[in-house]
Amino acid sequence: MKKAAATAPPPFEQSLSELEAIVDALEKGEMTLEESLGAFERGVSLTRACRQALEAAEQRVRILTDGRPDAEPEPFSPPSKTPGTPHE
């Protein structure tokens, strides 16, 4: 069963922890091929979510540390989530 697209992603720390558990499980090599593929697919999804969270945090830091003396606060808007769009 797939989650609704409108569901908010889990917090960064939770995603990272789950990703680490997936990597550990895959490295043990005790899963079936189907289980491994499912875990890998989930891992890719978590990697993308973590990358987006880190990019958003980096953008916020840039806004907060802008060295211009006349800099005005800018509203923060996270990057759009377009499926399949590379972020590099």
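For clarity, every value in this text was computed on a predicted model and none was experimentally measured.
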Checklist entry - Could you give the distance from CD (E41) to CG (L46), rounded to the nearest 0.5 Å? => result 11.0 Å
Checklist outcome for this item: salt bridge (charged side-chain N to carboxylate O under 4.0 Å, His left out) pairs touching residues 11-27, sequence neighbours excluded, are E18-R42
Checklist outcome for this item: Connected to L54, directly or through other members, by ILVMFWY side-chain contacts below 4.5 Å are F12, L16
Checklist entry - side chain to side chain donor-acceptor pair (under 3.5 Å) with T32: which residues, sequence neighbours excluded? => result E35
Checklist entry - Which other residues belong to the hydrophobic cluster containing L37, where Ile, Leu, Val, Met, Phe, Trp and Tyr are joined when side-chain heavy atoms lie under 4.5 Å apart, directly or via other members? => result L33
Checklist entry - With sequence neighbours excluded, what pairs up with A39 under the side-chain contact (heavy atoms from CB on, under 4.5 Å) test? => result I22, L26, M31
Checklist entry - Partners of E58 by side chain to side chain donor-acceptor pair (under 3.5 Å), sequence neighbours excluded? => result R62
Checklist entry - Given side chains that start at C-beta, do those of R51 and E55 come closer than 4.5 Å, heavy atoms only? => result yes
